[in-house]
Amino acid sequence: MLDLTGKNALVTGIANNRSIAWGIAQQLHQAGANIGVTYLPDEKGRFEKKVRELADELNPAFYVPCDVQNDQQVEDTFATVAEKWGKLDILIHCLAFADKEGLTGDFTAIPREAFTKSLDISTFSLTRLARSAKPLMTAGGSIITLTYLGGVKVIPNYNLMGVAKAGLEMSVRYLAAELGGQKIRVNGISAGPIRTLASSAVGGILDMIHHVEEIAPLHRTVTQIEVGNTAAFLASDLSSGITGQIIYVDSGYEIMG
Ligand code: 0WD
């Protein structure tokens, strides 16, 4: 039985009701986990309002602002986790960013600033969050991140994000190797294309979705809830022997030649 009762889960990356993080938060909650939510702060507080309106139904223990580029906000986030819960069991890393110029045009044209910003937010943030989560995962834990096939193979327009995801997938392995001794497992879910705010920035995403519907063994795309179900499995003791892996939730697209 998949049971997360009594487990504390920190969920990053909820932006709206299409976010993959929202599908994950719902399924963790359904399995009995306590949820804590981070949101990307903006000056007018609009993101916070939107995230609260959406996530209130899960009765979160707290909402905290956390821009992963801001070390103080990361520290404050885990200080809140320590204060409210004392320990953390599940960390969901479900965020990424690339400027438009990193997602279209020639790869050779990507500016340095766009490159470093994207890798800071999309790749290094997993390691940064894991560093702060580690001392709080006193009973072991499960860290889960989201990746895409474009980090392994060249997918049109994924460009800079492909490099970020390649680094992210390798980070999963190095983190798993380090943290295994503390019974902390680290895995990635490689999701098939889903229409979200982030994916709409990738040129030709609709073509990619149609391609998946045509080629993938299941002849359809996946849903946020399906990704959420796999995250719940990876967060639970049912997956206690799995770490350092990238699990494809993509209707089988990855196996096709
Ligand atoms: O097809 C897709 N949608 C796939 C997404 C296929 C495979 C993987 N993924 C990955 C993405 O690369 C990302 O890692 O899943 C993760 C979640 O993406 P999503 O659900 O598609 O996108 P979205 O709902 O836009 O959430 C990403 C959020 C941001 O939303 P916006 O769109 O406002 O940037 O990442 C957050 C933000 O809430 N985010 C940040 N959070 C903290 N600090 C930061 C930051 N600096 N930048 C972005």
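The figures that follow rest on heavy atoms only: side chains count, while hydrogens, waters and symmetry mates do not. This one's a predicted model, so the numbers in the text were calculated from it and none came from an experiment. Counting starts at 1 for both ligands and their atoms, in listed order.
When hydrogens are left out, the protein atom nearest atom 48 (C) of ligand 1 is A96 O, 3.7 Å; that is the closest non-hydrogen contact. Given atom 30 (O) of ligand 1, the protein heavy atom at minimum distance is A15 CB, 3.4 Å. In terms of protein heavy atoms, atom 32 (O) of ligand 1 is closest to L197 CD2, 3.2 Å. Among all non-hydrogen protein atoms, the one lying nearest atom 4 (C) of ligand 1 is I20 CD1, 3.8 Å. The nearest protein atom to atom 7 (C) of ligand 1, hydrogens excluded, is given as T147 O, 3.1 Å; this is a heavy-atom distance. The protein atom (non-hydrogen) at minimum distance from atom 10 (C) of ligand 1 is L146 CB, 3.8 Å. For atom 39 (N) of ligand 1, the closest heavy atom belonging to the protein is L95 CB, 3.9 Å.
Which of A198, S200, C66 comes nearest to atom 18 (O) of ligand 1 through a heavy atom is settled by distance: it is A198.
Ring centroid separation for the pair Y63 and Y39 does not come in under the 6.0 Å cut-off. Here the two rings, on W85 and F62, have centers that are under 6.0 Å apart.
Under 4.0 Å from ligand 1, the heavy atoms of L40 that appear belong solely to its side chain. Within the 4.0 Å heavy-atom criterion, neither part of T145 lies near ligand 1. Under 4.0 angstrom from ligand 1, there are no non-hydrogen atoms of S122.
At under 3.5 Å, not a single nitrogen or oxygen of I121, backbone or side chain, sits near a nitrogen or oxygen of ligand 1. Geometrically, ligand 1 and D67 share a nitrogen or oxygen pair separated by less than 3.5 Å. Between T196 and ligand 1, at least one N/O pair is under 3.5 Å apart. Geometrically, ligand 1 and V68 share a nitrogen or oxygen pair separated by less than 3.5 Å. For ligand 1, the polar-atom distance check against S19 finds a nitrogen or oxygen pair separated by under 3.5 Å. Below 3.5 Å of separation, one finds an N or O of I194 facing an N or O of ligand 1.
Atoms of ligand 1 found under 4.0 Å from any heavy atom of S199 (numbered from 1 in listed order, with element): 1 (O), 2 (C), 3 (N). Contact atoms of ligand 1 toward P193: 1 (O) (distance under 4.0 Å to a heavy atom of the residue). Atoms of ligand 1 lying under 4.0 Å from any heavy atom of C94, numbered from 1 in the order shown and given with element: 16 (C), 17 (C). Annotation for ligand 1: atoms under 4.0 Å from non-hydrogen atoms of G13 are 26 (O), 28 (C).
Proximity of K165 to ligand 1 is established by a heavy-atom distance of less than 4.0 Å. Within the 4.0 Å heavy-atom shell around ligand 1 one finds G192.
Each of V227, T223, D250 was checked for a side chain to side chain contact (heavy atoms under 4.5 Å, CB included) with I194, and the lone residue meeting it is V227.
If you check the side chains of N187 and Q245, you find no donor sitting under 3.5 Å from an acceptor. Inspection of the T5 and D3 side chains reveals an N or O donor paired with an N or O acceptor under 3.5 Å. Checked by atom type, the side-chain pair Q69/D120 shows a donor-acceptor distance below 3.5 Å. Checking H93 against S125 by side-chain atom types alone, a donor-acceptor pair falls below 3.5 Å. R195 and S199 are not linked by any side-chain donor-acceptor pair at a separation below 3.5 angstrom, with hydrogens and angles left out of the test.
Atom 34 (O) of ligand 1 lies below 4.0 Å from none of the non-hydrogen atoms of the protein.
Side-chain N or O atoms of T123 include one that pairs as donor or acceptor with a backbone N or O of A164 at under 3.5 Å. Listed for the N16 side chain is a donor-acceptor partner under 3.5 Å among the backbone atoms of S19.
Pairs engaging residues 134-150 under the salt bridge (charged side-chain N to carboxylate O under 4.0 Å, His left out) rule: K134-E178 [sequence neighbours left out]. Within the structure, salt bridge (charged side-chain N to carboxylate O under 4.0 Å, His left out) contacts touching residues 45-65 (residues at least two apart or in different chains) are D42-R46, E48-R52, K49-E53.
Residues L88 and L95 are members of one and the same hydrophobic cluster, defined by side-chain heavy-atom contacts under 4.5 angstrom among Ile, Leu, Val, Met, Phe, Trp and Tyr.
Annotation for Q30: atom CD does not count as buried by contact number, only 12 or fewer foreign heavy atoms lying within 6.0 Å.
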